[in-house]
Engineer: 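Next up is a structure, given as structure tokens.
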Amino acid sequence: QVQLVESGGGLVQAGGSLRLSCAASGSIFRINAMGWYRQAPGKQRELVAVVTGGDSTVYADAVKGRFTISRGNAENTVFLQMNGLKAEDTAVYYCNARAVQLYSVNENVYWGQGTQVTVSS
């Protein structure tokens, strides 16, 4: 099995910054992509940013120019640097990974437990 653990959420004022971290562990053969999604109360979970194994990145329009996703030197880590935070960024942020487990040929999707980001205005 693969486990994802997020950290770095908190309460900040509008215009402030936060850095989210996610680490994957477990019986991992290969991680194909990692990313961040978020979900606000009463809304569906939405894509924030994704980075692939080839270091290609995709960002939601709402965060372009403000958020930066990056992979750590360790292949099983991913970060989300959030600058210029706005009240509408308030949500639970979830780490996501597409990975192949040891002794498997199938790619599965894994989710972390989420970390709360609250931006006050």
Engineer: Using atom types as modelled, flag every donor-acceptor pair under 3.5 Å from a side chain in residues 1-11 to any protein atom, sequence neighbours excluded.
Structural biologist:
unit_1, atom_1, unit_2, atom_2, d
Glu6, OE1, Gln113, N, 3.0
Glu6, OE1, Gln113, NE2, 3.1
Glu6, OE1, Gly114, N, 3.0
Glu6, OE2, Cys95, N, 2.8
Glu6, OE2, Gly114, N, 3.1

Engineer: Distance under 6.0 Å and angle within 45° of the ring axis: does Arg19 meet both against Phe79?
Structural biologist: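 Ring-cation test returns yes.
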
Engineer: Where do Leu85 and Leu18 land on the side chain to side chain contact (heavy atoms under 4.5 Å, CB included) test, with the steps shown first?
Structural biologist: CA-CA 8 Å; Leu85 284 163; Leu18 284 173; 4.1 Å; yes

Engineer: If you take all heavy atoms of Asp89 and Arg38, which pair is closest and at what distance?
Structural biologist: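 It is OD1-NH1, 3.0 Å.
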
Engineer: Using only atom types and a distance under 3.5 Å, with no angle test, would you say the side chain of Arg66 pairs donor to acceptor with the backbone of Gly84?
Structural biologist: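 Confirmed, Arg66 side chain pairs with Gly84 backbone.
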
Engineer: What do you reckon, is CZ of Arg71 surrounded by more than 12 foreign heavy atoms closer than 6.0 Å?
Structural biologist: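 More than 12 heavy atoms, drawn from other residues, nucleotides or ligands, come within 6.0 Å of this atom.
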
Engineer: Does a side-chain heavy-atom distance below 4.5 Å link Val51 with Val78?
Structural biologist: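 When only atoms from C-beta onward are counted, Val78 and Val51 do touch, with a gap below 4.5 Å.
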
Engineer: Quick one: closest heavy-atom pair of Tyr59 and Ala49, and the distance?
Structural biologist: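 Result for this residue pair: CD2-CB, 3.6 Å.
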
Engineer: How many angstroms lie between CG in Leu20 and CD in Gln81, if you round to the nearest 0.5 Å?
Structural biologist: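 Leu20 atom CG to Gln81 atom CD measures 9.0 Å (nearest 0.5 Å).
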
Engineer: Would you give the length of the straight line joining atom CD of Glu46 to atom CH2 of Trp36, rounded to the nearest 0.5 angstrom?
Structural biologist: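 Going from the CD atom of Glu46 to the CH2 atom of Trp36 covers 15.0 Å.
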
Engineer: For Ser104 and Asn106, work out which heavy atoms get closest and say how close.
Structural biologist: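 Looking at all heavy atoms of both residues, the shortest contact is OG-N, 3.0 Å.
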
Engineer: Does the side chain of Met82 reach to within under 4.5 Å of the side chain of Ser17, using non-hydrogen atoms?
Structural biologist: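 SC-SC contact between Met82 and Ser17 ruled out.
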
Engineer: Is there a side chain to side chain contact (heavy atoms under 4.5 Å, CB included) between Tyr93 and Val48 once you walk through the steps?
Structural biologist: CA-CA 9 Å; Tyr93 284 69; Val48 177; 4.1 Å; yes

Engineer: What about Val100 and Leu102, same hydrophobic cluster or not, with Ile/Leu/Val/Met/Phe/Trp/Tyr joined at side-chain heavy-atom distances under 4.5 Å?
Structural biologist: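 The answer is yes; both residues are in one hydrophobic cluster.
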
Engineer: Does Ala87 offer a backbone N or O that forms a donor-acceptor pair with the side chain of Thr90 under 3.5 Å?
Structural biologist: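 Present.
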
Engineer: Evaluate the side-chain proximity of Asn96 to Val109: yes if any heavy-atom separation is below 4.5 Å, no if none is.
Structural biologist: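 Yes, side chains in contact.
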
Engineer: Looking at OG of Ser121 and CD of Gln13, how far apart are the two atoms once the value is rounded to the nearest 0.5 Å?
Structural biologist: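 Interatomic distance, Ser121 OG to Gln13 CD, rounded to 0.5 Å: 10.0 Å.
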
Engineer: Which heavy atom in Glu107 sits nearest to a heavy atom in Asn32, and how many Å separate them?
Structural biologist: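 Looking at all heavy atoms of both residues, the closest pair is OE2-ND2, 2.6 Å.
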
Engineer: With side chains defined as the heavy atoms from C-beta onward, is the minimum distance between Thr52 and Asp55 less than 4.5 Å?
Structural biologist: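 SC-SC contact between Thr52 and Asp55 ruled out.
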
Engineer: Got a second to check how far Leu80's CG is from Thr68's OG1, nearest 0.5 Å?
Structural biologist: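 One finds 8.0 Å between CG of Leu80 and OG1 of Thr68.
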
Engineer: Would a 4.5 Å heavy-atom cut-off, applied to side chains only, mark Gln101 and Phe29 as touching?
Structural biologist: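 A side-chain contact under 4.5 Å is absent here.
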
Engineer: Applying a strict under-4.5 Å side-chain criterion to I, L, V, M, F, W and Y, I'd like to know whether Tyr110 and Met34 cluster together.
Structural biologist: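 The answer is yes; both residues are in one hydrophobic cluster.
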
Engineer: To check you understand the geometry: which heavy-atom pair defines the closest contact between Ala40 and Ala91, and what is its length?
Structural biologist: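 Looks like N-CB, 3.9 Å.
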
Engineer: Would you say the ring centroid of Tyr37 lies under 6.0 angstrom from that of Trp111?
Structural biologist: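 Between Tyr37 and Trp111, the centre distance is under 6.0 Å.
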
Engineer: Between Tyr94 and Arg45, is there a cation-pi geometry (under 6.0 Å to ring centre, at most 45° from the normal)?
Structural biologist: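 Here Arg45 passes the 6.0 Å and 45° test against Tyr94.
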
Engineer: Does Ala24 offer a backbone N or O that forms a donor-acceptor pair with the side chain of Asn76 under 3.5 Å?
Structural biologist: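 Judged by distance alone, yes, a pair lies under 3.5 Å.
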
